[in-house]
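Just so we're clear, the structure is a prediction, and the values are computed from it rather than from any experiment. Below, chains carry the letters A, B, ... as their sequence lines are ordered, and counting in each starts from 1.
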Amino acid sequence: MKEQLIGLIDQALAALAERGELPEAHGSEIKIERTRDKRHGDLASNIALSLAKKAGKKPRELAQLICAALPESPLIQHIDVAGPGFINFFLSEDSSQAVVRDILEQAERFGRSNVGNGRKVQVEFVSANPTGPLHVGHGRGAALGDSLCRLLAATGWDVSSEFYYNDAGAQIDKLALSVQARCRGVAPGDSAWPEDGYQGDYIRDLSASYLRGDTVDAEDRHIVGSGNPDDLESIRAFAVAYLRREQDLDLKAFAVNFDVYFLESSLYEDGAVEQTVQRLQGNGHCYEKEAALWLRTTDFGDDKDRVMRKRDGGYTYFLPDVAYHLNKWQRGFERVINVQGADHHSTVTRVRAGLQALEKGIPAAWPDYVLHPMVTVIRDGKEVKLSKRAGSYVTLRDLIDEVGRDATRYFLVARALGSQLTFDINLALSQTNDNPVYYIQYAHARTCSVMRKLVQQGWDWQPERAVQHLSTLQGEEEKTLLRRLVRYPEVVANAAHHREPHSVANYLRELAGDFHAWYNADNMKILLEDQALRDARVALSQATGQVIASGLDLLGVSAPEEM
RNA sequence: GCGCCUGUAGCUCAGCUGGAUAGAGCAGUAGCCUUCUAAGCUAUUGGUCGGGGGUUCAAAUCCUCCCAGGCGCGCCA
C-alpha cells in the first residue's frame with residue numbers, strides 16, 4: 001500500500017521536475033506514514049515540507065502542485081493538503097474492505113511476509129545455569145526469545161532457537177558441594193556449609209533424591225543416583241541432570257521449545273576451547289601477567305583487558321563464550337540474537353572483542369543482543385524478593401501455576417524491552433478490564449460465539465458469498481475496525497524488524513477494543529435476517545478473530561473459543 | 001568515578017524511530033443487560049512529556065549539560 005503511494009508521488013515529482021518546477025535531483029526520500037487522526041486521512045506524506053526549501057516554494061503551495069500532478073489511482077478516494085503542508089490520502093472504501101477478503105483467503109498466513117527470504121538466524125535465550133529452577137527473570141527471557149523466534153519465522157527467516165547449557169565451571173562445582181553438604185546433613189549456616197553454597201530448599205530435595213538412588217530422566221540424559229555422599233563426581237552428574245529435568249518441566253509448562261541444547265562441556269570435550277586459546281595466542285593478542293593469561297580486549301573497544309586463563313589453570317567463563325560464538329559462526333548463522341538479562345551487558349563488548357581477536361572476518365557488531373532488565377514481582381502491593389542463593393524465591397513455575405501460562409507470557413512480553421518490569425500478581429489474576437489478556441481473549445471468544453450462534457439458528461455462511469457484500473460495512477465502528485485490520489501486516493513486520501514483541505501485544509489490545517466497541521455499538525447486530533448484511537458482518541467478525549488468533553500465537557498465548 | 005538503560009495523567013504504560021490538538025487502561029464521576037458472552041460498551045475529569053540549553057519549517061522523539069532511579073564495572077556466570 002505504502003509502496004504504491006510512494007510510486008505515485010515519485011511520478012508526480014518527476015513530472016514537476018520535467019516542467020522545471022522542481023530541481024531534478026531532489027534527493028529526498030519519500031516517506032508515507034499512517035495518520036494518527038482519522039480526519040487526516042489514512043496515510044500522509046510530508047514530502048512537500050521537506051522539499052519546500054530546495055524548491056524555493058512555500059510548503060502548502062508545493063503540496064498543491066504535487067497533488068495536481070499525481071496520477072489517478074483506484075486506491076485513492078481523495079487527497080487533501082492540510083496543516084503546514086501535509087498531503088493526506090483518503091483511501092477508497094474498497095481498499096480497506098478488501099482486507100477482509102484477504103484475511104479470509106489467507107487465514108493464518110495473513111500478515112506473514114518474506115523479508116527474511118529463508119536466511120538463517122539463531123536466537124539464543126534463557127541459557128540458565130543448571131543450578132536451580134527457572135525464576136521470573138528467566139521467564140521474561142523465555143517469553144521474549146520465543147516470541148522473537150515466532151516473529152522472525154513469520155517474516156521469512158529460517159529460525160533456530162538455542163539454549164546454552166552451562167554445565168561446566170565453578171558454579172557447578174559449588175552446586176555439587178552444596179548437594180554433598182546436604183547429603184551429609186550439613187545445613188546452611190553450619191560451620192561446615194560451603195562458602196557461597198546454594199541454600200534453597202530444592203537442594204535439600206535434590207540430595208534426598210540422590211540418597212534414595214532415584215533415576216532422573218531428563219531430555220538428554222538418564223542418571224541413577226549412587227547414593228554415596230563421598231562420590232562428588234556422581235553427585236555432580238546427578239545434580240545437573242536433576243535440575244535439567246526441572247528446567248525442562250518449567251519450559252514445557254511455559255510452552256517454550258528449543259531446537260538445540262548446546263552443552264558448554266562439549267566445547268572442552270572436542271577441544272574447541274583449547275583451539276580458541278591457541279588461535280588467540282597465535283594472533284598475538286595475548287600476554288601473561290601475574291601467572292594468568294590475558295586477552296588484550298582493549299584493542300577492540302573494551303575498557304580493560306580480560307583474563308582468559310586463571311592463575312589456577314582453569315578458564316574464565318569468557319573464553320568458552322568466545323569458543324561458543326565461534327561455533328555459532330561456523331554453523332553459518334550470519335545473524336545471531338542473544339537474549340539476556342541486562343545484568344550481563346558487560347559481556348557484549350567482551351565477546352565481540354574476543355571474536356575480533358580471532359581474525360576470522362566476523363563483523364564487529366556480531367552477534368546482536370537483546371538485553372532486558374530484570375523483573376520484580378509484587379503481590380498485594382509488596383515486593384516479593386528473588387534470591388537464588390538465599391532460597392526465597394518466586395519460580396517461574398509458581399507463577400504459571402498461580403496465574404496461568406497465558407497471563408504470565410502476556411505480561412512478560414507486553415512491556416517495552418528497555419523497561420524494568422513489575423509483575424503484579426494480583427493484576428495478572430484479575431478477570432476484568434484491567435487485564436488485557438482476558439480482554440483480548442474475550443474478543444476472540446466472542447467471534448467464535450457469533451459463529452456458533454449462526455449455526456444454531458440454522459443459517460449458513462460462506463466466505464466466497466460473504467465477501468461480495470463487504471460494501472455494506474459502512475458504520476463508523478466498522479470503518480475503524482477495518483482500518484485497524486489493514487495495519488496488522490505492518491505491525492508484524494515492524495515488530496520483527498525492531499525485535500519488539502510488545503508492539504504486537506499493544507496492537508492486539510487496540511484491535512480487541514475496536515472489536516468490542518463495534519460489537520456493542522447502538523443498533524448493531526451481526527446475526528440479522530438480512531443475508532447481505534449478516535454475511536458481511538460475520539465476515540468482519542471472522543476476520544477479526546483470525547487476526548487476534550494469529551497475533552496471540554506470535555506471543556505464545558492461546559486463543560480460546562469460549563470463556 | 002566510568003559505561004549502558006529508564007524518567008510521559010494520581011497509578012501501570014503506549015507513542016509507529018522528527019510531524020498536525022501527546023494517547024490507552026485502571027482509579028474518579030455519570031450512564032448502558034426482556035437483544036449474538038456485562039470478562040463488555042458509552043460519556044467525562046485529569047499533562048511544565050524529569051529540568052535547562054541547542055539543532056529546524058516542525059522535538060516526548062535527535063545533540064548537549066544537569067537531576068533522580070536501575071544495572072554493570074571479578075582470575076563469578
Take A:Gly83 and A:Ala170, find for each the nucleotide of RNA chain B with the closest heavy atom, and name the residue whose nucleotide sits nearer the 5' end.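 Comparing both residues, the 5'-ward one is A:Gly83.
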With nearest nucleotide decided by heavy atoms, which residue, A:Leu528 or A:Tyr315, maps closer to the 5′ end of RNA chain B?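 Whichever sits nearer the 5' end wins; that is A:Leu528.
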Quick one: [X] [atom1] to [N] [atom2], roughly how many Å, whole number?
X	N	atom1	atom2	result
A:Leu540	B:C36	CG	P	19 Å
A:Phe515	B:A39	CZ	C1'	14 Å
A:Asn523	B:U42	CG	C1'	14 Å
A:Met563	B:A38	CE	C1'	13 Å
A:Asn46	B:G19	CG	P	9 Å
A:Tyr519	B:A39	OH	P	11 Å
A:Asp424	B:G25	CG	P	19 Å
A:Leu49	B:A59	CG	P	13 Å

Is the phosphate of B:C76 approached by A:Lys310 (side-chain N or O, under 4.0 Å from OP1 or OP2)?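 Affirmative; the distance criterion is met.
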Taking 4.0 Å as the cut-off, does a side-chain nitrogen or oxygen of A:Lys304 come that near to OP1 or OP2 on B:G74?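 Answer yes for this pair, as a side-chain N or O of A:Lys304 is under 4.0 Å from OP1 or OP2.
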Please confirm whether any donor atom in the side chain of [X] sits under 3.5 Å from an acceptor in the base of [N], or the reverse.
X	N	result
A:Tyr438	B:A39	no
A:Asn88	B:A20	yes
A:Asp303	B:G3	no

Who pairs with [N] - Watson-Crick or G-U, where each distance is under 3.5 Å:
N	result
B:A68	B:U6
B:C73	B:G1
B:U34	none
B:C13	B:G23
B:G53	B:C63
B:U29	B:A43

Does the side chain of A:Asp514 come under 3.5 Å of the side chain of A:Thr480 through a donor N or O and an acceptor N or O?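 Side chains of A:Asp514 and A:Thr480: no pair found under 3.5 Å.
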For A:Asn129 and A:Lys174, which I'm curious about, is there any donor-acceptor pair between the side chains at under 3.5 Å?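 Short answer, no.
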Classify the nucleic acid contact of [X] as base, sugar-phosphate or nothing, counting any heavy atom under 4.0 Å across all strands shown.
X	answer
A:Phe318	nothing
A:Arg446	sugar-phosphate
A:Ala292	base
A:Asp305	nothing
A:Thr316	sugar-phosphate
A:Ala44	base
A:Lys525	base
A:Ala521	nothing
A:Met524	base
A:Glu290	base

Carboxylate-amine/guanidinium contact [X] [Y], below 4.0 Å:
X	Y	answer
A:Asp303	A:Arg306	yes
A:Asp530	A:Arg534	no
A:Arg499	A:Asp368	yes

Same-atom distance ([atom1]) from [N] to [M], integer angstrom:
N	M	atom1	result
B:C16	B:A77	C1'	37 Å
B:U48	B:U35	P	45 Å
B:U64	B:U6	P	15 Å
B:A27	B:C4	C1'	35 Å
B:U17	B:A59	C1'	13 Å
B:U55	B:G15	C1'	22 Å
B:C5	B:A24	C1'	25 Å
B:G7	B:C13	P	10 Å

Taking the six-membered ring for Trp, does A:Phe86 stack with B:G19 (centroid gap under 5.5 Å, planes within less than 30°)?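 It does not: the two rings, one from A:Phe86 and one from B:G19, miss the stacking criterion.
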Chi-based syn or anti call at B:U21, which uses purine or pyrimidine torsion atoms and a 90° bound: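 Anti for B:U21; the angle lies over 90° from 0.
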Within 90° of 0 counts as syn, otherwise anti: where does B:C73 fall?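 Anti.
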Side-chain atoms of residues 449-457 of chain A: list all donor-acceptor pairs with protein atoms under 3.5 Å, sequence neighbours left out, distances to 0.1 Å.
unit_1   : atom_1 : unit_2   : atom_2 : d
A:Arg452 : NH1    : A:Glu561 : O      : 3.1

Relative to the ring of A:Tyr369, is the ring of A:His325 parallel (under 30°), tilted (30 to 60°) or perpendicular (over 60°)?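 Plane angle between 30° and 60°, so tilted.
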Which class fits the ring pair A:Tyr287 and A:Trp294: parallel under 30°, tilted 30 to 60°, perpendicular over 60°?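 If you compare the ring of A:Tyr287 with that of A:Trp294, the planes turn out parallel.
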Neighbour count >12 (heavy atoms, 6.0 Å) for atom NE2, A:His497: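 Not more than 12 within 6.0 Å, no.
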Any idea which of B:G40, B:G74, B:C4 is nearest the A:His345 side chain?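 Minimum distance to the A:His345 side chain belongs to B:C4.
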If a protein heavy atom is under 4.0 Å from the base, mark B; if only from the sugar-phosphate, S; if neither, -; do that for nucleotides 11-17 of chain B going 5' to 3'. -SSSSBB
Under the ring-ring contact (aromatic ring centres under 6.0 Å, His included) rule, collect the residues that match up with A:Tyr317, sequence neighbours excluded.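 For A:Tyr317 there are no ring-ring contact (aromatic ring centres under 6.0 Å, His included) partners, ignoring immediate neighbours.
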Under 6.0 Å between ring centres: does that hold for A:Phe262 and A:Tyr324?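 A:Phe262 vs A:Tyr324: aromatic centres under 6.0 Å.
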